[in-house]
Number of protein chains: 2
Amino acid sequence: MKNKNRRISVIQEIIATTKVGSQDELLQLLTNKGFNLTQATLSRDLKAMKVVKTPAVDGGYCYKLPANDDQADAQAAYLTSAAVTIDFSGNILVIHTRAGYASSMAYRIDDEASDVIIGTVAGEDTVVCVMKEGMTKRAVIESLSKFIPTLKKD
Amino acid sequence: MKNKNRRISVIQEIIATTKVGSQDELLQLLTNKGFNLTQATLSRDLKAMKVVKTPAVDGGYCYKLPANDDQADAQAAYLTSAAVTIDFSGNILVIHTRAGYASSMAYRIDDEASDVIIGTVAGEDTVVCVMKEGMTKRAVIESLSKFIPTLKKD
DNA sequence: AAACACTATGCAAAAATATACAAAAATATT
DNA sequence: AATATTTTTGTATATTTTTGCATAGTGTTT
């Protein structure tokens, strides 16, 4: 129903911007905005929206929208390889990897891209690569794309 | 009190591993484990733990531990004093921290200064940051000073 | 249009949760 | 140790949330 959708999105907005401590309180705000519903309906709406009531810092409670797991999931899904992001800056190349994959990625680079990279340092999820002097980004990309498939589409 | 701490940690474990739909249900589990308390106390425990009751996929409800914002915040607070010295060299920035703080500092930078830093690698007490191409020291300082207060006074 | 399926909603009751208050337990202070 | 203070907890109760049931609206099929 049209009304429900509008209502849901207004609820979403209110919760995102205002501190609301109970369904009755939220109901009041909605009523002020011209919506006509009961607390029971609100309870169902909140359930459908997966809104949670969370203990607030001030000792009270506060309604919150769910953290966007979907976004995280989506990102996780498209991570078919270990490399997440790749950026150049001067003669340095930084590769962010999935957690824990940095050192194996670095090892791989040392092993297979020594024609364009003179050395790497790896942390937990980051590899810093030093490009060989005079090397172009294009050449480096070409070389690394052998084992970082996402690179080629840039 | 010793008992409370143990109880809290058991609650945490139960919630992390089991689907619990109500306080009474959780209370039952705790009683089975030998704890002796009432729903009122449980309600207070959950409030203190900032546990939330969230609508579950199956149409019911499920208690959940908070996404670790609080922990992040706490960490954020104590990190403000972690940086000891900061030096630039070309497009590289090196931050020395108090012993052991480098990786959390690096994490923070990755998280909050990605507008000016393309990546970091952390050792035990040193963070190497690669500045984004074309970025000025001033801009980097501006961005990092959000959580490294000593920076601003330079 | 009538019959049907389906969704949305209110009402009222039930269930779940939070809290005021008092007592007990733990901790700190003199 | 005695006293004061703070913390924890249970009891009873208030508040809040959820839900079963009945009804009304909407769209679909016959």
Side-chain angles (χ1 to χ4, degrees), chain A residues 1-67 69, chain B residues 1-71 74:
Chain A
M1 198 193 215
K2 191 176 167 189
N3 228 8
K4 186 180 180 183
N5 293 333
R6 277 204 313 127
R7 192 179 64 224
I8 293 278
S9 84
V10 171
I11 291 174
Q12 191 156 25
E13 174 171 339
I14 291 177
I15 288 180
T17 59
T18 313
K19 198 207 154 191
V20 185
S22 74
Q23 292 187 6
D24 272 329
E25 202 178 321
L26 179 52
L27 183 60
Q28 191 55 53
L29 295 176
L30 286 166
T31 304
N32 292 158
K33 284 184 182 278
F35 288 92
N36 188 28
L37 73 163
T38 62
Q39 174 272 325
T41 298
L42 187 50
S43 171
R44 291 176 184 118
D45 284 351
L46 294 177
K47 183 173 184 176
M49 297 167 76
K50 301 217 185 301
V51 165
V52 301
K53 185 167 99 170
T54 178
V57 281
D58 68 359
Y61 289 85
C62 176
Y63 280 84
K64 273 193 186 172
L65 294 167
D69 289 342
Chain B
M1 196 200 214
K2 191 176 167 188
N3 228 9
K4 185 180 181 185
N5 294 333
R6 276 205 313 129
R7 191 179 64 223
I8 293 278
S9 85
V10 171
I11 290 173
Q12 191 157 23
E13 173 170 340
I14 291 177
I15 289 180
T17 59
T18 315
K19 199 208 152 190
V20 185
S22 75
Q23 292 187 6
D24 274 330
E25 203 177 321
L26 179 53
L27 185 60
Q28 192 55 53
L29 296 176
L30 286 166
T31 304
N32 292 160
K33 282 184 183 277
F35 288 93
N36 188 29
L37 73 164
T38 63
Q39 175 271 323
T41 298
L42 186 49
S43 171
R44 290 186 275 248
D45 284 351
L46 294 177
K47 183 172 184 177
M49 296 168 75
K50 300 217 185 305
V51 165
V52 299
K53 185 168 98 169
T54 180
V57 281
D58 68 359
Y61 290 85
C62 176
Y63 278 85
K64 271 194 188 171
L65 294 168
N68 265 356
D69 290 343
D70 310 307
Q71 195 175 318

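In what follows, chains are A, B, ... by sequence order, proteins preceding strands, each numbered from 1.
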What pair of heavy atoms forms the shortest contact from [X] to [Y], and how long is it?
X        : Y        : result
Gln39(A) : Leu27(A) : N-CD2, 3.7 Å
Tyr63(A) : Ile15(A) : O-CG2, 3.4 Å
Gln23(B) : Leu42(B) : O-CD2, 3.2 Å
Val52(A) : Val52(B) : CB-CB, 4.0 Å
Val51(B) : Pro55(A) : O-CD, 3.5 Å

d([atom1], [X]; [atom2], [N]) in whole Å:
X        : N       : atom1 : atom2 : value
Leu37(B) : dT11(D) : CG    : P     : 11 Å
Gln39(B) : dT8(D)  : CD    : C1'   : 16 Å
Ile11(B) : dT8(D)  : CD1   : C1'   : 13 Å

Please report the interatomic distance [atom1]([X]) to [atom2]([Y]), rounded to the nearest 0.5 Å.
X        : Y        : atom1 : atom2 : answer
Leu26(B) : Ile14(B) : CG    : CD1   : 5.5 Å
Leu37(B) : Ile11(B) : CG    : CD1   : 6.5 Å
Leu46(A) : Thr54(B) : CG    : OG1   : 11.0 Å

Nearest to the side chain of Ala40(A) - dT19(D), dT9(C), dG10(D)?
dT19(D)
Which nucleotide in dT9(C), dT11(D), dG10(C) has an atom nearest any side-chain atom of Thr38(A)
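Of all the options, the side chain of Thr38(A) is nearest to dG10(C).
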Do Ser9(B) side-chain atoms and Arg6(B) backbone N/O form a donor-acceptor pair below 3.5 Å?
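Side chain of Ser9(B) to backbone of Arg6(B): a pair is present.
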All pairs passing salt bridge (Lys or Arg N to Asp or Glu O under 4.0 Å) where residues 35-55 of chain A contributes a residue, at least two apart:
Arg7(A)-Asp45(A)
For atom CG of Asn36(B), is the number of surrounding heavy atoms from other residues, nucleotides or ligands below 6.0 Å larger than 12?
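No, CG of Asn36(B) has 12 or fewer neighbouring heavy atoms, counting only those of other groups under 6.0 Å.
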Look at atom CD of Glu25(A) and say whether more than 12 heavy atoms of other residues, nucleotides or ligands are closer to it than 6.0 Å.
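Yes, enclosed.
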With the threshold set at under 4.0 Å for non-hydrogen atoms, list the residues of [range] touching DNA chain D in residue-number order.
range                     : result
residues 12-20 of chain A : none
residues 22-33 of chain B : none
residues 42-56 of chain A : Ser43(A), Arg44(A), Lys47(A), Lys53(A)

Is any side-chain N or O of Tyr61(B) closer than 4.0 Å to OP1 or OP2 of dA15(C)?
no
Taking salt bridge (Lys or Arg N to Asp or Glu O under 4.0 Å) as the test, write out the residues that go with Lys19(B), two or more places apart.
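Salt bridge (Lys or Arg N to Asp or Glu O under 4.0 Å) check on Lys19(B) returns Asp58(B).
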Between the axis at one end of the helix from dA1(C)-dT30(D) to dT30(C)-dA1(D) and the axis at the other (five pairs apiece), what's the angle to 10 degrees?
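Answer for the end axes of this duplex: 30°.
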